[in-house]
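Note sheet for the following structure.
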Amino acid sequence: MNEDKETGKILELLTEIGEMLLISGAHTARIIRNLERFSQGLGYQSEIVLTYSGIVISIYKHNIIEAKTLARSIKIKGLNFETISEISILSWDVLENKIPFKEIKVAIELIKLKKVYRNIELYLLIPFASVALCFLFEGDWIQALIIYISTFTGFYVRRYLTLNQHNHLFALYIAATLSTFIIHFIGLLFNIQIEQALIVSILYLIPGAVMINSFIDYLEGYFESGTARIIYSLMAILMLSFGFFTSNMIFNMSIFKEFNVFDFSNFQALLRTSFHPENNTLRILKFILGGITSLGFALMFNTPKRALWTVFLLGALGYLIKYILYQELDINLILSIFIASTFVGISGMYFAHRTHTPPIIFMIPAVINMIPGLISYKFMIGMIDWVGAINGHKPSVESVIDTFSYGITTTFILFALAFGVAFPIIVFKSYTVKGKDLNELIKKLFARK
């Protein structure tokens, strides 16, 4: 009887840990590996089934026929890389040192209560990711100020709605509409050019982590979870596009055509011509801005503070590699992004044990700065022109071809980005990076082959 009670408590704990990992944005294989380490450390064997919205765990000691099973549905979704990292570290500690149940329970409660960043830090610092992206897309200081205001407002509203249990997709739509509305409004009010600000206006809302996780799930054979994640990503992108579309339609109304109150166009033109970095100065600038963008997304994902320097370094180097390959060596954009993201992925495996952090924790924010903002923006504008055609005016054949071309290119870039990150994780998945060097992992891999 006591043994049954003990098994029930351990099963509850494992389910709770699995729920925490799923809510925090861990991919399926990582959740299963962590839970298996916990169960083995506690003296049990486990069978685990995961979907994007639920978890089923069975544990037993000797005979699977005597297994106890617990299922739990999970509706809340989010991203908390600190939780993923801390649970991963704890799982190894349990496996190697056989930590008792009570100590594990206390540790899990402490992980739940841990807050990596204060709210004020998130609200003030995360918008700098959009600011850096704006400069990377050749924006000026005026547009950078506008994008800071729009991102701050959109992020605050989205987080408020999410924390108050509102639908995630609805929160994304409201945030996207509000962010682009602010940019359009200020652009009209001050008679300034806002294209670069619009290009990056909703990139901070793109579900990049979910898309990359879905790709990893597919490559590792977890097709149900991968499909659920990709469907969620597509729905999220659809809601973002609809928010972008809503704002554009509002400001295409004739009532807003003569809304200019101030004229800052000459001042903006002066700003745009006052600073033209070249050669090494331009490369250094791209390096720094790429790193700042990745840091902003790392904060959004609650990345552990000890890993922030790695996020900055990998994000900066990854973007610089992509820039040099595409802009200076005229290599295809998709191939350039694939090479750069693969570099981030492989380097991430090397840095993982140095920061005592699972590699995916800093790989994902490090590659977000390579999201195809300009091309996806042109795709959305093309689609808006179709839907918002006046008097039934049909788009030209060239416009249709261009729009579809942008859409297909965006899809392949996202594919290259995800595959570049996922590739080293899949290749080296049989070998933990804990306490090992990447060179040793490579030697073992090719020795086995």
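Position 1 is the first residue of the sequence, and the numbers go up from there.
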Flag the pair [X] / [Y] as yes when at least one side-chain heavy-atom distance between them is below 4.5 Å, and no otherwise.
| X | Y | result |
| --- | --- | --- |
| Val200 | Thr151 | no |
| Ile183 | Gln143 | no |
| Ile147 | Gln196 | no |
| Asn302 | Leu79 | no |
| Ser241 | Phe245 | no |
| Phe155 | Leu122 | yes |
| Leu203 | Leu133 | yes |
| Leu124 | Tyr148 | yes |

Are a donor atom and an acceptor atom from the side chains of [X] and [Y] found within less than 3.5 Å of each other?
| X | Y | answer |
| --- | --- | --- |
| Ser88 | Arg33 | no |
| Asp217 | Ser225 | no |
| Ser179 | Ser150 | no |

Proximity of [X] and [Y] rings by center, below 6.0 Å:
| X | Y | result |
| --- | --- | --- |
| Phe215 | Phe415 | yes |
| Phe338 | Phe419 | yes |
| Trp309 | Phe351 | yes |
| Tyr60 | Tyr44 | no |

Between [X] and [Y], what is the shortest heavy-atom contact and its length?
| X | Y | answer |
| --- | --- | --- |
| Gly208 | Ile368 | CA-CD1, 4.0 Å |
| Ile331 | Tyr326 | O-CD1, 3.3 Å |
| Ser46 | Glu36 | OG-CG, 3.7 Å |

Look only at the side chain of [X] and the backbone of [Y], and say whether a donor-acceptor pair between them is shorter than 3.5 Å.
| X | Y | answer |
| --- | --- | --- |
| Glu121 | Arg118 | yes |
| Ser214 | Arg229 | no |
| Thr303 | Ala298 | yes |
| Tyr52 | Leu22 | no |

Calculate, to the nearest 0.5 Å, the distance between atoms CD1 and CD1 belonging to Ile31 and Ile87 respectively.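 Interatomic distance, Ile31 CD1 to Ile87 CD1, rounded to 0.5 Å: 9.5 Å.
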
Can you list the steps and then say if Phe242 with Tyr173 is a ring pair (Phe, Tyr, Trp, His ring centres under 6.0 Å)? CA-CA 7 Å; Phe242 189 47; Tyr173 167 72; 5.2 Å; yes

Parallel, tilted or perpendicular, as decided by the 30° and 60° cut-offs, for the rings of His166 and Phe170: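 The rings of Phe170 and His166 sit tilted, inter-plane angle from 30° to 60°.
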
Short N-O contact, Glu6 and Lys102, less than 4.0 angstrom: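 A salt bridge is absent here (no side-chain N lies under 4.0 Å from a carboxylate O).
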
Do Glu138 and Lys286 sit within salt-bridge range, that is, some charged N less than 4.0 Å from a carboxylate O?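 Result for this pair is yes, salt bridge flagged.
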
